[in-house]
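These notes concern the structure reproduced below.
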Protein chains: 2
Amino acid sequence: MARKRFDNANCSVARALNEVGDWWSLLVVLHAMYGTRRFVDFQRELGIARNILCDRLARLVEHGVLKKVDVGEHGSRHEYRLTDKGRDLFPVVMALRQWGDRWTPAQEHAPLDLRDRATGRPVRPMVVQDADGRDLSIRDVMLKDDESHTVGLD
Amino acid sequence: MARKRFDNANCSVARALNEVGDWWSLLVVLHAMYGTRRFVDFQRELGIARNILCDRLARLVEHGVLKKVDVGEHGSRHEYRLTDKGRDLFPVVMALRQWGDRWTPAQEHAPLDLRDRATGRPVRPMVVQDADGRDLSIRDVMLKDDESHTVGLD
DNA sequence: CGATAGGGTTTCGTTATGAAACCGAATTGA
DNA sequence: TCAATTCGGTTTCATAACGAAACCCTATCG
């Protein structure tokens with residue numbers, strides 16, 4: 001049967017994964033954040049099959065994560081640019097990068113040293129915090145309406 | 001040909017996606033964070049096919065995201081529990097949830113209202129910040145070693 | 001002791017993926 | 001100017017992944 005999709009899922013994580021949760025979509029978004037805009041550049045940088053790239057770009061455009069912009073003289077060349085929705089995946093990508101840097105077996109290259117352009121200081125690690133900026137673990141978080149339901153256990 | 005995998009990728013995002021980047025893995029981790037530990041419970045809650053769930057659980061155990069614990073009297077019943085590595089996906093899941101809540105078409109149920117267990121106050125939105133706690137957009141972030149290379153464009 | 005639950009594996013049909021070939025329009029370059 | 005190359009795809013085909021259901025063996029429950 002068809003791959004299960006989560007369009008109408010009652011869970012925002014499932015719905016998010018429905019749009020960017022496959023093997024390639026988040027990598028396309030990541031490279032778009034790096035500045036890549038053209039079909040051939042995505043293809044070269046990612047090493048993705050052309051038909052799959054077509055499919056992913058179309059799906060991301062359809063979901064409003066990217067927008068397709070004509071840039072050729074006669075409307076023949078296009079660029080794929082991030083929308084606000086796409087740019088708002090920045091925290092997701094940064095959290096994933098951080099996790100990969102921490103937990104993924106050592107690689108030949110060091111992790112990217114990302115810094116604030118203005119101050120030159122490192123980007124702060126992605127953490128879940130309360131309103132005062134104190135770090136929260138899974139067990140610190142609960143649902144408002146049912147205090148007895150712990151959201152996080154281990 | 002075989003699905004492309006990113007085990008040795010020179011990119012921590014790609015390596016992270018290699019471990020949790022398919023349709024089901026992050027949902028399994030999410031439900032583990034909710035407290036689910038048993039095979040049948042994952043199966044019921046997620047509506048995932050049993051063979052696929054087997055495969056995902058085994059892969060997550062293999063990657064050290066979950067650990068398989070014998071709990072039956074004679075070692076016949078198991079639980080799948082989050083490891084530290086798995087728990088450290090909390091920021092990823094929270095960032096995805098936030099994005100899904102913001103950008104995914106309206107659903108019948110309101111977004112989960114997650115709160116700090118100690119103070120009862122809402123969990124702060126996931127954002128990328130600098131060392132002082134100021135929000136950073138994609139364009140504010142650069143690589144340390146090459147100031148001319150902008151990490152984020154749109 | 002029979003029924004049911006837990007945790008899988010097997011089988012089989014459908015869908016997704018990847019490599020490569022192909023294609024037409026637009027651009028480059030000699 | 002005319003051939004070569006680039007861009008952005010589509011088509012074809014073999015292989016891999018997915019999903020549903022059936023099956024299986026070991027506990028546990030009543």
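Everything quoted here is computed from the prediction, not taken from an experiment. Proteins get letters first, then strands, A, B, ... in listed order; numbering begins at 1 in each.
Computed from coordinates, the L46(A) CG to dG18(C) P distance equals 11 Å when rounded to whole Å. The interatomic distance linking H78(B) (NE2) with dT26(D) (P) rounds to 13 Å, in whole Å. Rounded to whole Å, the distance from CZ on R5(B) to P on dT15(D) is 18 Å. Residue L27(B) contributes atom CG, which lies 13 Å from atom P of dC18(D) at whole-angstrom precision. The CD atom of E79(A) sits 18 Å away from the P atom of dT6(D) (whole-angstrom rounding). Between Q43(B) atom CD and dT9(C) atom C1' the separation is 14 Å, expressed in whole Å. When rounded to the nearest whole Å, the span between CG of D22(B) and P of dA16(C) equals 15 Å. Taking atom CZ of residue F42(A) and atom C1' of nucleotide dT6(D), one finds them 17 Å apart after rounding to whole Å.
In terms of phosphate contacts, K68(B) brings a side-chain nitrogen or oxygen within less than 4.0 Å of OP1 or OP2 of dG8(C). In this structure, W24(A) reaches the dG18(C) phosphate: one of its side-chain N or O atoms is under 4.0 Å from OP1 or OP2.
A heavy-atom distance below 4.5 Å is not found between the side chains of R97(B) and V123(B).
Contact annotation for Y80(A): backbone-only contact, meaning every heavy-atom pair under 4.0 Å involves sugar-phosphate atoms and none involves a base.
The CG atom of D22(B) sits 10.0 Å away from the CG atom of D22(A) when rounded to the nearest 0.5 Å. Separation of atoms CD1 (I48(A)) and CG (L27(A)) is listed at 8.5 Å; rounding is to 0.5 Å.
Under 3.5 Å, the side chain of R77(A) and the base of dT6(D) form at least one donor-acceptor pair of N or O atoms.
The pair R134(B)-D140(B) does not count as a salt bridge, with every side-chain nitrogen at least 4.0 angstrom from each carboxylate oxygen.
Applying a 4.0 Å cut-off to non-hydrogen atoms, the residues of residues 47-63 of chain B that approach DNA chain D are A49(B), N51(B), I52(B), R56(B), listed by residue number.
Mapping R44(A) and W23(A) onto DNA chain D by nearest heavy atom places R44(A) closer to the 5' end of the strand.
With sequence neighbours left out, the side chain to side chain contact (heavy atoms under 4.5 Å, CB included) criterion links R50(B) to F39(B), Q43(B).
A donor-acceptor pair is defined here as one N or O able to donate and one able to accept, closer than 3.5 Å; no such pair exists between the side chain of R115(B) and the backbone of R121(B).
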When you look at K85(B) and D88(B), which way does the salt bridge (charged side-chain N to carboxylate O under 4.0 Å, His left out) test go after all the steps? CA-CA 5 Å; K85(B) 180 175 178 179; D88(B) 199 38; over 6 Å; no

